[in-house]
Amino acid sequence: MIRVAIMDDHPVARRGMAQILLETGRIELSVSAASPSELAEWLSAAAPGGSPDVVVLDLYSDGLYSDGHEPCMASISDFSEMSRVLVMSASGRPEDVVGAVRAGATGYVTKHASPEMFVSAVETVAAGGFALSSQLADILHSELARSAAHASRRRSGRATGGELSAREEETLGLIAQGFTHAQAASRMGVSKATVDTYVERVRAKLRLGNKAELTRAALARPNRPPLP
Amino acid sequence: MIAEAGTAPAEPVTAAALTERALLKALAWFRVGGLVQIAIALALNLARYPHVGRVLVMVGVVAAESVVLIAVCTARGRVAPGWILADVLFCASSLALGAAMITPSYGHSWVHFMYPFTIITSFGIGVAFRRVTTMVTVTAVLSLSYAVSAIVFHRDPIWNVLPNALSYHANTLVAWTVTRQLRRSGHAADGSRAEAIARATELAEERERSKHARILHDHALQTLETIAQGPWLADAELRAHVGAEAARLRALVEGVRPDAAGDLEAELHALVRRLACTGLRVTYNGAHLRKTDGRRTRLSPEVSAAVVDAAGEALTNVAKHAGVTTATLHARAGNDRLTVTVVDQGRGFDPDAVRDGGVGLEISIRRRMRDVGGEARVESSAGQGTCVELTVPLASPGAGDARSPSRR
């Protein structure tokens with residue numbers, strides 16, 4: 001049984017997500033929280049073996065760290081220290097998507113995704129993988145290609161997190177078109193395991209080089225309650 | 001000038017207009033300087049002139065002419081080339097006249113006060129004429145007039161006349177160069193300001209739009225989408241309708257005007273909505289299109305429509321034959337072409353087998369794409385889903401929409 005915690009300030013959305021997960025019969029809902037602080041409280045009160053495998057977070061939630069208009073990237077990095085974070089957001093904006101992955105999310109699903117996509121993302125994340133939906137792949141592909149072009153123009157000394165290799169870009173492109181990992185693998189002439197590795201590498205490259213910014217942001221944050 | 005009344009002006013004064021006014025002021029002051037110079041020369045030398053009365057009359061005329069010139073130019077707000085030309089002719093003739101009247105009894109050509117006057121006021125020539133050849137020619141009128149009158153009436157030696165005559169050209173050249181620079185800065189300033197205003201307007205509109213978008217997004221849209229996907233609505237048709245409305249709202253909120261005809265992205269969004277009504281949920285991945293806004297307009301409406309139609313056929317085929325309820329629509333504009341792919345994980349078909357859906361689809365889509373100079377490729381195998389890839393060349397920048405390939 002996969003244990004999942006949901007955090008979203010929209011009650012109907014929470015209900016919908018819970019319904020979809022419970023229907024599978026393979027997933028149990030540990031907690032359904034309306035704000036990051038509520039979730040943090042629950043997690044600190046939980047028994048040691050009881051922490052969830054996956055935390056599904058909404059990006060724009062009224063909470064301690066935000067007023068509902070700023071994406072709570074800080075929550076993502078906080079919770080990703082204890083569990084694996086899957087961001088389920090109504091926003092599909094590239095900045096949000098890339099920012100969430102950089103902050104530590106192991107997957108990003110938009111709310112108008114199909115229930116099947118949501119469930120498969122939860123299962124992928126629970127198993128330790130990077131839930132790369134076709135939408136996420138498309139956004140990452142276009143965003144990373146663009147920032148690579150900018151970086152090469154600017155020639156700045158800042159570490160931008162590494163550029164994607166040609167194969168990794170190709171993988172992203174194929175997944176963005178809707179192919180499964182297996183199909184992408186056969187199109188590229190490699191094994192599925194290789195494709196999985198490429199996907200993991202993409203995620204690692206996104207996180208790389210952003211630690212400094214996260215640290216700076218963390219230091220700038222006022223009065224956060226300590227998390228366990 | 002109405003713009004300078006006490007109330008706020010309807011339009012801000014451009015930097016270009018301000019430059020012209022500044023140049024005009026400079027011209028006026030140069031004129032004043034020239035007249036002052038004449039006054040001083042007269043005060044010191046009047047007793048020596050052979051025809052005092054005529055000299056005074058001429059000075060009066062010259063002064064009046066200056067006043068008229070400045071008044072006319074002020075009324076126009078700028079230094080008017082036509083009037084400057086007239087002024088130059090006037091000055092040239094008064095140079096000659098003045099030289100005739102003041103033929104010195106001793107060899108001092110500087111009694112001839114019109115020379116310094118015209119040197120000082122030649123500034124106007126550099127300001128008025130933008131093309132350097134015109135400016136030099138007009139200056140030459142003046143310098144030649146001086147040279148001729150100095151040689152003929154004053155018997156000035158050439159080695160004295162030449163540098164004096166060249167001073168005119170030096171003067172006007174400097175004036176011309178500085179004026180050109182000033183005018184360019186004025187233009188640049190205006191350009192920057194217009195751009196800044198446009199950007200600010202855009203930003204304000206964008207902020208307004210995202211404020212509304214956020215509100216719709218966070219509440220109505222989420223609720224609609226949840227309802228469309230959950231089991232709460234028993235009526236499948238109603239659920240599909242709610243799904244379609246959610247898709248429309250999503251398109252609106254994400255910045256695509258839903259009814260912009262000929263806009264590829266908008267039409268693809270509309271296609272997705274139409275199919276949502278039939279129960280097929282299409283994931284539209286158009287991040288690449290969205291970032292290259294300029295490219296959208298490089299597709300002629302014909303080509304755009306063909307692509308959308310072909311994609312629509314492919315998607316309808318999925319809805320009818322693939323046996324799945326989801327598909328992915330991906331669009332990407334590369335440097336020289338646009339690629340749209342439709343991928344589903346349905347039951348697929350064997351391309352070699354003669355089948356109603358498969359073969360007909362391929363032929364019809366291929367023809368549709370070939371008609372606009374593009375191509376289509378269909379890949380499928382049993383149990384492995386289907387991939388339909390549509391490509392069209394993008395017009396090169398500058399060729400624009402006029403260049404649409406001929407139909408066969």
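We name chains A, B, ... by the order of the sequence lines, and we start the count at 1 in each one. The structure displayed is predicted, hence computed values, not measured ones.
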Asker: Measure distances from A:Arg187 to the heavy atoms of chain B and classify the residue's part below 4.5 Å as side chain, backbone, both or neither.
Answerer: side chain
Asker: Check each atom of B:Thr223 against the heavy atoms of chain A and say whether the ones under 4.5 Å are side chain, backbone, both or neither.
Answerer: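 Answer is both: backbone and side chain atoms of B:Thr223 are under 4.5 Å from chain A.
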Asker: Assess, by modelled atom type and distance only, whether the side chains of B:Gln345 and A:Gln183 contain a donor and an acceptor separated by less than 3.5 Å.
Answerer: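 There is such a pair between these side chains.
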Asker: Do A:Met117 and B:Arg281 have side chains that approach each other closer than 4.5 Å (heavy atoms only, starting at C-beta)?
Answerer: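 No, side chains not in contact.
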Asker: Taking all heavy atoms of A:Gln177 and all of B:Thr341, pick out the closest pair and write down the distance.
Answerer: CG-OG1, 3.5 Å
Asker: Crowded around A:Arg15 CZ? As in, over 12 foreign heavy atoms under 6.0 Å?
Answerer: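 No, the 6.0 Å shell around CZ holds no more than 12 heavy atoms from other groups.
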Asker: What's the shortest heavy-atom distance between B:Asn285 and A:Ala176, and which atoms?
Answerer: ND2-O, 2.8 Å
Asker: Among A:Ala13, A:Ala137, A:Pro115, which residue has the highest count of heavy-atom pairs closer than 4.5 Å to chain B?
Answerer: A:Pro115
Asker: Measuring from atom CG of A:Leu174 to atom NE2 of B:His330, what distance do you get when rounded to the nearest 0.5 angstrom?
Answerer: 9.5 Å
Asker: Can you tell me how far apart OG1 (B:Thr283) and CD (A:Gln135) are? Round to the nearest 0.5 Å.
Answerer: 5.5 Å
Asker: Looking at every non-hydrogen atom in both residues, tell me the closest pair between A:Gly16 and B:Trp232 and how far apart they are.
Answerer: CA-CH2, 3.5 Å
Asker: Considering non-hydrogen atoms only, spot the tightest contact between A:Ser134 and B:Thr328 and give its length.
Answerer: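 For A:Ser134 and B:Thr328, the tightest heavy-atom pair comes out as OG-CG2, 3.9 Å.
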Asker: Under 6.0 Å from the CD atom of A:Glu23, do we count more than 12 heavy atoms belonging to anything else shown?
Answerer: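 Atom CD in A:Glu23 is packed in, count exceeds 12.
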Asker: Answer with side chain, backbone, both or neither: which region of A:Thr180 has an atom nearer than 4.5 Å to a non-hydrogen atom of chain B?
Answerer: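 For A:Thr180, the contact with chain B is made by backbone and side chain together.
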